[in-house]
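Note that the structure is predicted; figures quoted are calculated from it, not measured. To find a chain, count down the sequence lines: A is the first, B the second, and so on, and within it residues start at 1.
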Protein chains: 2
Amino acid sequence: MRKNKIERLKADGWKVGSAEDFLQLSDEEARLVALKLSLISAVKKSRIKRKLSQIDLAQRMKSSQSRIAKIEAGDPSVSLDLIVRALIASGATTRDIQVAFTTN
Amino acid sequence: MRKNKIERLKADGWKVGSAEDFLQLSDEEARLVALKLSLISAVKKSRIKRKLSQIDLAQRMKSSQSRIAKIEAGDPSVSLDLIVRALIASGATTRDIQVAFTTN
DNA sequence: GCAGTGTATGTCAGAAATGACATATTCGCA
DNA sequence: TGCGAATATGTCATTTCTGACATACACTGC
């Protein structure tokens, strides 16, 4: 998918894979990853603070224990959506979420 | 999926569909939606501020114009991941993102 | 009028994320 | 030590999201 896109862009005369482009992309990717990590850490903190087990939290948000474990382990298969859902379900306040975004 | 889950939970003896449960869920869902809306508005602001067309932004983040349009239209098929990606790619600063989270 | 530029909407095949499950591992605590 | 609870890891069918494309609509200046 990504590769096809790149091939197509190249065919269309785009400069693809230049150093600037690469660095730009990785920087944006890095920012997203940093954000996720920060939120993940907030999820764990919030869950522990409220003395919830992963099973408790999973039930609250109609997910499964293994998903919660994956969230907290930073598994790449976990979306930002699910992380934020977990954060909300864990009882984090709006302020807690803001702080998570700030600590990053 | 959701329905099956509910049936299963019922079969397992869970109380499902009680008023508290319903309100709780909708409240959490509402918070997520509010967050998304706030970020969506930030994407559009940031894009316009930097005088980028939807096509420009799409190229920056290797997406497509129609996806950007859907992001800004609040299309339900758009994930939080993509919204935040767009926000970052549009040139929003970390502070801009924090503010978006705050304004909600 | 109508050409150009930007945005919106619908569709779809392929990719990614999800819940569920089985099973393993870790961690107290008696 | 061993037992139970909590957490981690791997897999997979199904659901959801994605980029791409076509095409429609909106607006501006000619």
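- When side chains are defined from C-beta on, A/Ile68 counts as touching A/Met61, because their heavy atoms get closer than 4.5 Å.
- Between B/Glu28 and A/Arg60 there is no salt bridge, since no side-chain nitrogen of the basic residue lies less than 4.0 Å from a carboxylate oxygen of the acidic one.
- Using a distance-only test at 3.5 Å, with no hydrogens or angles considered, no donor-acceptor pair links the side chain of A/Ser63 to the main chain of A/Ala58.
- Residues passing the salt bridge (charged side-chain N to carboxylate O under 4.0 Å, His left out) test with A/Arg85 are B/Glu29, sequence neighbours excluded.
- In this structure the side chain of B/Leu87 never reaches within 4.5 angstrom of the side chain of B/Asp96, judged on heavy atoms.
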Dump the pairs, protein N or O against N or O of nucleotides 4-6 of chain C, anything under 3.5 Å, distances to one decimal.
none

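- Across the protein-nucleic acid pair, A/Lys44 atom NZ and D/dT7 atom P stand 8 Å apart, rounded to whole Å.
- Side-chain contact annotation: B/Ser77 with B/Arg67, donor-acceptor N/O pair under 3.5 Å present.
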What does the list of N/O pairs under 3.5 Å between the protein and nucleotides 9-13 of chain C look like, with a distance for each?
unit_1: C/dG10; atom_1: N7; unit_2: B/Lys70; atom_2: NZ; d: 3.3
unit_1: C/dG10; atom_1: O6; unit_2: B/Lys70; atom_2: NZ; d: 2.9
unit_1: C/dT11; atom_1: O4; unit_2: B/Lys70; atom_2: NZ; d: 2.9

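- A/Asp27 is not listed as a side-chain neighbour of B/Ile88, based on a closest heavy-atom distance of 4.5 Å or more.
- Counting only heavy atoms from C-beta outward, the side chains of B/Ile40 and B/Val43 never approach each other to under 4.5 Å.
- Taking atom CD of residue A/Glu72 and atom C1' of nucleotide D/dT9, one finds them 14 Å apart after rounding to whole Å.
- Remark: B/Leu57 CG to B/Leu52 CG distance equals 6.5 Å, nearest 0.5 Å.
- Whole-Å rounding puts the A/Lys51 NZ to D/dT7 P distance at 13 Å.
- A/Lys36 pairs by the salt bridge (charged side-chain N to carboxylate O under 4.0 Å, His left out) definition with B/Asp81, not counting sequence neighbours.
- Under the side chain to side chain donor-acceptor pair (under 3.5 Å) rule, A/Ser46 has a single partner from A/Arg50, A/Lys49, A/Lys44, which is A/Arg50.
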Is there any protein nitrogen or oxygen under 3.5 Å from a nitrogen or oxygen in nucleotides 26-29 of chain D, and what are the pairs?
none

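- Separating the CD1 atom of A/Ile71 from the P atom of C/dT18 is a distance of 8 Å, rounded to the nearest angstrom.
- Near DNA chain C, meaning a heavy atom under 4.0 Å from it, residues 74-86 of chain A has A/Pro76, A/Ser77, A/Val78, A/Ser79, A/Leu82 in order of number.
- Inter-residue side-chain proximity for B/Ile97 and A/Arg31 is flagged as met; some heavy-atom pair is nearer than 4.5 Å.
- Both B/Leu82 and B/Leu32 are members of a single hydrophobic cluster when ILVMFWY side chains are connected at heavy-atom separations under 4.5 Å.
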